[in-house]
Amino acid sequence: MADKAQRVRGTQDIFGEDAARFEAVVAAFDRVRKLYGFRTVQVPMFEFTEVFARSIGETTDVVSKEMYSFEDRGGESITLRPEFTAGISRAYLSNGWQQHAPLKLAAWGAAFRYERPQKGRYRQFHQLDAEIVGAAEPASDVEIIAFAHQLLSELGLADKVVLQLNTVGDAETRTAWREALIGYFSKVRGELSAESQERLEKNPLRILDSKDERDKAFVVDAPKIDAYLTAEAGGFFDKVQAGLQASSVPFARTETLVRGLDYYRHTAFEFVTTHLGAQGTVLGGGRYDGLIEALGGPPTPAVGWAAGIERLSMLIEAPAVETVDVAVIPMGEAAEAAAMGVLQQLRTGGIAAEQAWRGNMKKRMAKADAIGARVAVILGDDELAAGEATVKDLKTGAQTRVALTDLTAAIKN
RNA sequence: GCGACCUUAGCUCAAUUGGUUAGAGCGCCGGUUUGUGGUACCGGAGGUUGCGGGUUCAAUCCCCGUAGGUCGCCCCA
């Protein structure tokens, strides 16, 4: 079927139960976000390539080989967003949103990454995103993590995920720790996995969460960040942990948790599950105090997270199927014409209604069941002549004649 | 980017060591006397076996390529 219309690899057509799951996740996000005072923001789906290159880091995989970049007709290099943080930070600068700081923002939508598709991993995927820009206080870290925790709890995932928490320290800490790690791993370089030998050059921190047994043996005794934390960084992390405890948000200190993207400082966290195979991270984030500066702005503290909507969708219980309350069943041509008016009356009255317009009476009743209707409005020549309709309660089977003008009220009761 | 497995009706799956009209369930359409349902029974439509090539008298089944999916690595949500 070479000619059969085919969708682009790694994209999805979300429908039926999948669509209901997706919607349930977004609805929960929108509900909880309001409880925490996060305002919605819409930023472009594409930006100048430079926005992502400068903020995420030229050497990262995301930038160096996973972006959907193209030249537009004006000759500008444009990139489909691979994540939300860079675009939101850019918007913060472009629009002078410093005046609103600290600014709590929530966004959701599509993001794009050219990767090998797997379960829970797509080339066009969808994220929930939360950011607090312009707040250096550890309380903001606590708040945004509490937000994430409540969201996951309301999605029924409290027992399926674990919050892993770590700090990568401030710039000074990070530099010192990084040097120590490079020194330590360089001595055993030859015994590391090929991937980790490469990481040693590009991103030594990531050796810590390697899955390779050869690496794990050395990771155990690798320099710990706690020994390199400055007094300030250590104090910050203490306050975050205390705040989480006060907020009843359970977490597991995970010393090997590091961030792949360059802009992170201090707090790093991930909600991880064992129910999605290799795609364990369901929500991840941290503090990125260095990012806005990297975009050419003033030093601006910020903290945020992103969650994969598809991954969350796969974990939650299936939502109840959507139903339509009323099925209007006309029999005969005159009734079919009259049904239009009945439908309009019901719908404008706030009642979900559909018309069964195909097949004999039996088929139409079956249609009523199929859409989950609890009431059938039957319209035939008899009823029409009397200006009435037969209203049938599909649970009890009870039928009553109701004047057409009273239909909406009668069904609402 | 690397490795492995998978790909048969709209959906989920069958088809004996390659053998001649590729089956079932669900769904869909129609019917079981003319306006009453979620069950049952009967009938029907629907497939160039992902696509391309090769081996063979013969391929859904073997080989190669290609596209997509799945699992792992990498990376990450």
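In what follows, every chain begins at residue 1, and chains take the letters A, B, ... in the order their sequences are listed. Since we're looking at a predicted model, the values are computed, not measured.
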- Please evaluate the base of B:rC75 for a donor-acceptor partner in the side chain of A:R121 within a cut-off of under 3.5 Å? yes
Could you tell me whether [X] contacts a base, only the sugar-phosphate backbone, or nothing, with contacts defined as non-hydrogen atoms closer than 4.0 Å?
| X | value |
| --- | --- |
| A:K392 | base |
| A:G332 | nothing |
| A:E195 | sugar-phosphate |
| A:G284 | sugar-phosphate |
| A:R113 | base |
| A:A306 | sugar-phosphate |
| A:G10 | sugar-phosphate |
| A:I378 | base |
| A:Y122 | base |
| A:D381 | base |
| A:E383 | base |
| A:D129 | nothing |

Distance check, [atom1] atoms only: [N] and [M], in whole angstrom units.
| N | M | atom1 | answer |
| --- | --- | --- | --- |
| B:rC51 | B:rC75 | C1' | 31 Å |
| B:rC5 | B:rG52 | P | 24 Å |
| B:rA14 | B:rU8 | C1' | 9 Å |

Can you check the [X] [atom1] to [N] [atom2] distance for me, whole Å?
| X | N | atom1 | atom2 | result |
| --- | --- | --- | --- | --- |
| A:R199 | B:rC73 | CZ | C1' | 10 Å |
| A:F15 | B:rC11 | CZ | C1' | 12 Å |
| A:Y68 | B:rC76 | OH | P | 18 Å |

- Plane angle bin for A:F147 and A:Y36 - parallel if under 30°, tilted between 30 and 60°, otherwise perpendicular: parallel
- OP1 or OP2 of B:rC71 less than 4.0 angstrom from a side-chain nitrogen or oxygen of A:R116, does that happen here?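 Indeed not, no polar side-chain atom of A:R116 lies that close.
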- Message: At under 4.0 Å between heavy atoms, how does the protein contact nucleotides 39-47 of chain B? Give one character per nucleotide, 5' to 3', with B, S or -.
- Response: B--------
- Measure from NZ or CZ of A:R253 to the centre of the six-membered ring of A:F251, then state whether that distance is under 6.0 Å and the direction lies within 45° of the axis. no
